[in-house]
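This report refers to the structure that appears directly beneath it.
By convention here, the first residue in the shown sequence is residue 1.
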Amino acid sequence: MQNERLELTLKAFLMGVLLSIVFCGANVYLGLKIGTTISASIPAAILSMGFLRFFKKYSALENSIAQTTASVGEAMAMTVIFVFPALLILNVWHEFHYSTIAFVLLPGTVIGVVYSVMLRKVLLKDPVLKFPEGFAIGKVLQATENVSAESGGGKILLLGMLVSALTNFCQAGFQVLSGAVFKFVHFGNKVAGTGLSFSIAIMSAGYLIGFMNMYPALISMILSWFVIVPWFSQLHSVTDSTNLMSTAFTVWKTNVRPIGVGIFISSGLLTMVILISPIYKGIKESIKAIETLTKVDANSKDIPLKYLSIILLLACVPIMYILFTQVSLLNNYSPIVNFILSILVIIIMLIFGFAIAAVSGYFAGLAGSTISPLSGLLFIAVIFVTAIVEVVSNNAVNASYTTILTTIILFVAVISGMAGITNSSIQDYKSGQIVSSTPYKQELVILIAAVIISFIAPIFIILIFNAYGIAGIVPHVGMDPNKTLSAPQASAVATLANNLIGGDANWKFFEIGAALGLCAFIFDRVGSYTGKFRFSMIMFGMGFYLPPDTVCALLVGAIIGTFINFAQDKVGNKFGDEVKSKLQSKSNMLICGLIAGESLMGLILAIPFIMFHSTDALKLSFVNIKGYESLSEILSIIVTILVFRTVYKVGTKVTVK
């Protein structure tokens with residue numbers, strides 16, 4: 001029975017926390033694997049309403065609370081995977097330090113929640129911002145008020161999770177299905193080729209991103225693997241005819257990946273430039289809005305200013321402790337001077353963090369969180385923090401290379417926490433506005449969930465590292481570095497920080513990337529002005545930075561999505577937009593299930609992998625038979641076709657009553 005007055009209830013909050021933990025773990029695994037995360041909001045809304053209907057009294061407002069709480073896990077997973085692995089890659093850490101991660105993650109995210117409250121009114125009332133994802137989430141929340149409106153949504157989601165979980169178990173566990181296929185050719189002194197991952201989750205992520213967002217990655221992937229890699233494999237005469245794949249990947253890591261980082265940096269800078277005016281206006285309005293945070297009706301009420309101030313000050317305490325400790329290691333100044341320096345630095349970081357959070361939130365409202373330039377903004381943060389550290393250290397003899405890198409990465413993590421939670425929560429505020437949720441109740445559950453997940457998220461990354469390894473770093477002797485999870489963003493953060501501090505890096509490829517990023521930006525502006533196309537700089541950079549099998553899998557998923565969307569358009573023309581909308585909801589729900597299922601199975605498989613110190617712990621013996629590798633690739637192709645044939649059927653079949 002619907003009860004409109006039920007909102008912030010224990011059952012809704014606990015369900016939200018549970019889903020937040022689940023989607024945090026899934027996104028930590030997925031993000032380390034391919035560099036992107038999935039939205040937890042719509043699946044959470046469906047699952048939580050299915051749970052709430054077991055009670056006599058429930059409401060859409062309760063569902064909004066559960067969904068808002070669940071989205072925190074996804075947001076915090078981004079900070080964990082984008083930054084902390086850089087400390088491993090830079091050889092500063094040899095294993096993840098639970099207490100340090102939690103101690104840094106907590107204050108950064110809490111400050112981000114405070115910033116999101118300050119920005120909420122300003123961004124939501126901006127007529128330019130359409131909040132595509134927040135609007136879609138709100139419509140799902142409205143639909144769940146009707147028992148029949150989302151009938152079967154939970155079952156479809158669970159079906160997708162089951163199918164992809166079993167597929168991943170066969171790929172990574174039993175290894176009876178191939179995980180990827182590569183083909184490289186040797187002509188003269190040149191080597192070229194590509195690959196295709198059979199990961200259902202990666203293809204499904206491509207489905208959600210869409211071909212119109214992904215096609216820039218196709219262009220950059222072709223440039224990478226069929227132009228740049230062949231050219232440099234010939235130029236440097238590094239071709240190893242006995243292992244073409246190894247040669248190609250060596251050239252790619254050295255000469256191609258830095259181009260992608262350059263594009264990411266260019267993307268972040270240009271995004272900040274084009275948003276200077278609206279963000280400046282927004283900050284001014286936010287400052288004015290702070291004065292009226294408590295002078296509004298209940299339906300628009302935020303957490304009171306005095307409580308926000310207390311929360312902000314408390315969050316600054318651990319940051320101040322870390323900052324003072326690191327600054328003291330960076331120079332020879334007296335404790336008093338370093339204390340004053342720490343206060344100045346933390347003020348500068350809070351201002352810069354607010355600017356990054358504002359840009360992230362604004363862009364999320366403009367184009368959605370899926371294609372947010374958060375990676376580019378993160379690299380700007382690396383440059384900014386490095387500049388501050390260089391000033392504070394004052395070239396002191398006792399400022400070790402390791403100490404400098406540690407300081408940079410830890411404080412980039414703090415800024416990332418501020419931006420990540422704003423990027424996510426601003427969509428939740430929009431969806432809450434659609435169903436008339438009380439803002440301060442949403443803000444409260446986000447804050448509490450952020451505290452809880454701060455102590456849980458580190459467990460996931462430690463578990464995954466010990467099972468799979470990250471970016472070529474293995475936790476146990478005997479593990480294959482080539483089979484570790486790639487952690488794309490963290491690898492880029494490590495590369496950039498190392499080059500900024502090292503001073504002897506070859507910046508040529510970064511500069512080429514920045515120039516290509518500028519060209520992509522101009523091209524995108526032309527397309528936007530004419531209204532005919534858009535050209536995502538982030539995706540253009542991804543084509544250079546991600547391995548070819550991942551990019552190809554994303555593209556395959558995007559093409560499948562385009563084909564199914566075309567079929568749904570035909571159904572819409574025949575049966576009406578309402579039928580089309582329901583079919584799109586079903587297919588998207590199945591896709592979300594496919595992503596979540598594989599990611600969760602990755603976490604489950606981590607347990608035996610850690611116990612036996614090997615990712616071959618469950619490998620079946622007959623897999624080693626000569627010739628089976630080719631058969632496993634064929635089987636994977638068949639399974640992939642069957643899975644997405646099911647998606648097509650679910651997304652296009654009209655049930656006539």
Side-chain angles (χ1 to χ4, degrees), residues 19 21-44 46-47 70 73-74 77 152-181 196-209 370 460 464 467-468 485 549-550 552-561 564 585-609 615 618 632-633 635-651:
L19 291 173
I21 293 171
V22 170
F23 282 105
C24 177
N27 276 303
V28 169
Y29 174 83
L30 185 68
L32 289 172
K33 188 171 185 177
I34 66 172
T36 189
T37 58
I38 59 166
S39 174
S41 298
I42 291 179
I46 299 298
L47 290 174
E74 172 209 350
K155 292 180 180 178
I156 291 173
L157 182 71
L158 292 174
L159 171 65
M161 292 175 69
L162 178 63
V163 168
S164 63
L166 289 174
T167 303
N168 190 33
F169 189 81
C170 292
Q171 289 175 333
F174 289 157
Q175 298 184 30
V176 294
L177 296 178
S178 174
V181 60
L196 174 65
S197 170
F198 293 119
S199 167
I200 299 299
I202 297 177
M203 292 185 185
S204 297
Y207 181 105
L208 292 178
I209 294 171
T370 304
F460 289 128
I464 291 169
Y468 300 97
L485 302 180
D549 58 315
T550 300
C552 283
L554 288 167
L555 285 165
V556 167
I559 292 169
I560 292 172
I564 292 177
S585 178
K586 286 184 177 180
S587 58
N588 287 340
M589 196 58 54
L590 181 56
I591 287 293
C592 288
L594 292 173
I595 296 173
E598 178 175 321
S599 302
L600 292 174
M601 179 54 70
L603 284 175
I604 294 170
L605 286 174
I607 298 172
F609 292 171
T615 53
L618 303 177
S632 69
E633 291 170 357
L635 290 174
S636 289
I637 292 172
I638 294 172
V639 169
T640 302
I641 292 172
L642 290 175
V643 169
F644 285 99
R645 183 171 178 267
T646 303
V647 177
Y648 175 81
K649 281 190 172 183
V650 169

Decide yes or no on side chain to side chain contact (heavy atoms under 4.5 Å, CB included) for Thr646 and Leu642, but give the supporting numbers first. CA-CA 6 Å; Thr646 303; Leu642 290 175; 5.6 Å; no
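- Of all heavy-atom pairs between Pro43 and Phe23, the closest is CB-CZ, 3.7 Å.
- Looking only at side-chain heavy atoms (C-beta outward), Gln171 and Ser632 stay at 4.5 Å or farther from each other.
- Applying the side chain to side chain contact (heavy atoms under 4.5 Å, CB included) rule to Leu166 yields the partners Leu162; only residues at least two apart in sequence or on another chain are considered.
- Leu30 places a side-chain heavy atom less than 4.5 Å from the side chain of Ser599.
- Using a 4.5 Å heavy-atom threshold, the side chains of Leu158 and Met161 count as touching.
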Please test Val176 against Leu635 for side chain to side chain contact (heavy atoms under 4.5 Å, CB included), starting from the C-alpha separation and ending with a verdict. CA-CA 9 Å; Val176 294; Leu635 290 174; 5.9 Å; no
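- Distance OG/Ser199 to CD1/Ile34: 7.0 Å, rounded to 0.5 Å.
- Shown here are the side chain to side chain contact (heavy atoms under 4.5 Å, CB included) partners of Ile560, two or more places apart in sequence or in another chain: Tyr207, Val556, Ile564, Phe644.
- For Gln175, the side-chain hydrogen bond (donor to acceptor under 3.5 Å, both in side chains) test picks out Asp616, with sequence neighbours left out.
- In terms of heavy atoms, Leu618 sits closest to Pro608 at CD1-CG, 4.1 Å.
- Nearest approach of Met601 to Ala165, heavy atoms of both residues: CG-O, 3.4 Å.
- Leu485 has its side chain within reach of Tyr29: a pair of non-hydrogen atoms, C-beta onward, lies under 4.5 Å apart.
- The nearest pair of heavy atoms linking Gly25 to Ile464 is O-CD1, 4.5 Å.
- Considering all non-hydrogen atoms of both residues, Ser204 and Ile595 come closest at CB-CG1, 3.4 Å.
- Counting only distance, with no hydrogens or angles, the side chain of Tyr468 and the backbone of Gly602 share a donor-acceptor pair below 3.5 Å.
- In this structure Cys552 satisfies the side chain to side chain contact (heavy atoms under 4.5 Å, CB included) test together with Thr194, Leu196, Met221, sequence neighbours excluded.
- Ile559 CD1 to Met203 CE: the interatomic distance, rounded to the nearest 0.5 Å, is 10.5 Å.
- One distance of note links OG of Ser636 with CG of Leu177; it measures 4.5 Å at 0.5 Å rounding.
- Applying the ring pair (Phe, Tyr, Trp, His ring centres under 6.0 Å) criterion to Phe198, with sequence neighbours excluded, gives no partner residue.
- Although no hydrogens or angles enter the test, the distance criterion places a donor-acceptor pair under 3.5 Å between the side chain of Glu598 and the main chain of Ala201.
- Residues forming a side chain to side chain contact (heavy atoms under 4.5 Å, CB included) with Val643 (at least two apart in sequence, or on another chain): Val163, Ile200, Leu594, Val639.
- The two residues Ala44 and Leu19 make their nearest non-hydrogen contact at O-CD1, 3.8 Å.
- Put simply, the side chain of Leu590 does not reach to within 4.5 Å of the side chain of Leu157, judged on heavy atoms.
- At a threshold of 4.5 Å between non-hydrogen side-chain atoms, the residues Leu605 and Thr615 do not count as touching.
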